[in-house]
Amino acid sequence: MKARITVLPGDGIGPEVTGEAVKVLEHVGQVFGHEFEFKEALLGGCAIDATGTALPDETVAACRAADAVLLGAVGGPKWDDPTAKVRPEQGLLGIRKALGLFANLRPVKLFPELLHASTLRPETLAGVDVLVVRELTGGVYFGPREEAGEDGSRAYDTMLYTRPEIERVVRLAAKAAQGRRGQLTSVDKANVLASSRLWRRVATEVVESEFPDVRLEHILVDAAAMHLIRQPSRFDVIVTGNLFGDILTDEASMLAGSMGMLPSASLGEDVNSVGLPRGLYEPIHGSAPDIAGQGVANPLAAILSAAMLLRHSLGLEQEAKTVEEAVSAVLSDGYRTADIARSGERTVGTEEMGTAVRERIR
Ligand code: NAD
């Protein structure tokens, strides 16, 4: 297969970790006989420095022309002034909007070798393999709002959802569940919120009419927050709205202990030359300015993001699994970057970790 991938390394450790992810993709291309063409573009602080804006038009064009986008991270102390007119995060929000990415997927799978890195007890974490699908472009973050009252003492936000917004994200999550253990948990607050009652009704209709093989359950967001730390292995795929998803994805990511291990994908309706969603793939961590430039960042979240890219945007399931198995193998073989090492354990740098993963893809 031929595919075009736009890479947005961004700031801080972004270029270091995406560098390793690109090398892994190049290697996958060689081993499996695919031709991946990479093009780099500016996003975030580096784009502000070079062009005065966090999201240059050329970057948007390069992403739209690609089959998939791989992103590192943006931001850092240099651009931290909250009153500044241009800020790195504008690039991040802007590119998600420009590509119409309505669903964010965060898988949390625990590698047995890293159970010690979590704050939860190993027996609670055994068997955790959950995918959280968060609606990304609707709900209370985008509904009508006002800061009002004579002295600004009254304000409101509106949690607004429409049927098509719910249908498309539930459909995507149900499809993902079909490829996994076939269980979908829809999270809402239907006992209180009207928008949640619509969410629940539409989710039921979509799954019952289009995905008879998927088992759907509804739970309230407060119960979901509790179950996620009490018995996280009970979940397969979780689908939820923007606000609840924002909170639950962060909670779920803490199960894994280190942010350096967790990938994510954002998908939209735009279809690429392969006939699949043109997604944006990125590690969930930030630009880690405290360790940038030292060659010690953990590249595995970026490499696992590349595996998601192979799966969701290029339809290369076997290749994706091979990358994920290579990551498991390096961990079993004892490779650790500093963030996932126990005290006294030998650590490797970013490049050595990336090389170890490539060596296990044959
Ligand atoms: P962060 O994720 O950058 O770092 C938090 C801690 O985790 C730091 O100690 C860091 O060294 C460590 N860490 C993160 N990724 C790591 C990796 N791959 N390997 C080893 N250690 C890793 O979060 P922060 O410190 O809150 O934010 C730093 C900057 O990143 C800020 O400017 C913030 O706005 C930005 N940020 C960007 C994104 C994004 O681009 N999606 C997300 C979150 C934060």
Side-chain angles (χ1 to χ4, degrees), residues 7-22 24 41-49 54-55 59 63 69-84 86-97 99 101 104-106 108 111 114 117-119 134 136 245-247 249-250 253-254 256-266 279-306 308 327 330-331 335-342 345 347-354 356-357:
V7 184
L8 309 174
D11 308 313
I13 62 168
E16 299 168 47
V17 297
T18 51
E20 293 310 311
V22 167
V24 166
L42 295 170
L43 182 85
C46 59
I48 295 176
D49 288 351
L55 179 60
T59 299
C63 292
V69 181
L70 181 68
L71 167 68
V74 301
K78 186 174 175 193
W79 310 278
D80 252 0
D81 178 3
T83 61
V86 282
R87 284 173 286 110
E89 311 81 62
Q90 292 166 339
L92 206 55
L93 297 178
I95 193 64
R96 287 178 184 153
K97 189 159 178 234
L99 299 179
L101 304 171
N104 180 252
L105 281 67
R106 272 199 203 179
V108 178
F111 295 95
L114 301 183
S118 177
T119 49
R134 166 190 172 191
L136 208 53
D246 192 1
I247 299 163
T249 48
D250 264 25
S253 67
M254 283 322 294
S258 172
M259 307 224 283
M261 294 302 302
L262 294 175
S264 81
S266 298
L280 177 97
Y281 301 84
E282 56 182 317
I284 71 153
H285 61 71
S287 58
D290 52 334
I291 57 166
Q294 298 173 20
V296 298
N298 184 348
L300 295 180
I303 290 170
L304 291 168
S305 301
M308 291 188 85
V327 169
V330 294
L331 294 171
Y335 286 80
R336 301 283 185 273
T337 43
D339 58 311
I340 51 173
R342 290 191 215 230
E345 258 179 342
T347 60
V348 298
T350 312
E351 279 189 30
E352 198 180 333
M353 186 61 113
V357 172

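In each ligand, atom 1 is the first atom listed, and ligand 1 is the first ligand listed. Just so we're clear, the structure is a prediction, and the values are computed from it rather than from any experiment.
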[X] contact mode with ligand 1 (heavy-atom cut-off under 4.0 Å):
X: P289; value: side chain
X: L71; value: neither
X: I13; value: side chain

Would [X] count as being in polar contact with ligand 1, using the rule that some N or O on each side must be under 3.5 angstrom apart?
X: M259; value: no
X: G286; value: yes
X: E89; value: no
X: G76; value: yes
X: G260; value: no

Notebook entry, point to check: Between atom OG1 of T347 and atom CZ of R342, what is the distance when rounded to the nearest 0.5 Å?
Noted result: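 One finds 15.0 Å between OG1 of T347 and CZ of R342.
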[atom] - nearest protein heavy atom and its distance:
atom: atom 22 (C) of ligand 1; result: I291 CD1, 4.1 Å
atom: atom 39 (C) of ligand 1; result: L92 CD2, 3.7 Å
atom: atom 9 (O) of ligand 1; result: D290 OD2, 2.9 Å
atom: atom 18 (N) of ligand 1; result: N298 O, 3.0 Å
atom: atom 3 (O) of ligand 1; result: A288 N, 2.7 Å
atom: atom 37 (C) of ligand 1; result: V74 O, 3.1 Å

Could any protein non-hydrogen atom be found less than 4.0 Å from [atom]?
atom: atom 6 (C) of ligand 1; value: no
atom: atom 15 (N) of ligand 1; value: yes
atom: atom 24 (P) of ligand 1; value: no
atom: atom 30 (O) of ligand 1; value: yes

Within the 4.5 Å heavy-atom criterion, are [X] and [Y] side-chain neighbours or not?
X: L8; Y: C63; result: yes
X: V296; Y: E16; result: no
X: L71; Y: L92; result: yes
X: W79; Y: V74; result: no

Out of all atoms in ligand 1, which are within 4.0 Å of some heavy atom of [X]? Include the element for each.
X: G75; answer: 32 (O)
X: A297; answer: 19 (N)
X: E282; answer: 41 (N)

Check: Is it true that atom CD of Q294 has more than 12 heavy atoms of other residues, nucleotides or ligands lying nearer than 6.0 Å?
Finding: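 Yes, because the 6.0 Å sphere around CD of Q294 holds more than 12 heavy atoms from other groups.
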Next item on the list: Starting from the C-alpha separation in whole Å, work towards a yes-or-no answer on salt bridge (Lys or Arg N to Asp or Glu O under 4.0 Å) for D11 and K78.
Entry: CA-CA 10 Å; D11 308 313; K78 186 174 175 193; over 6 Å; no
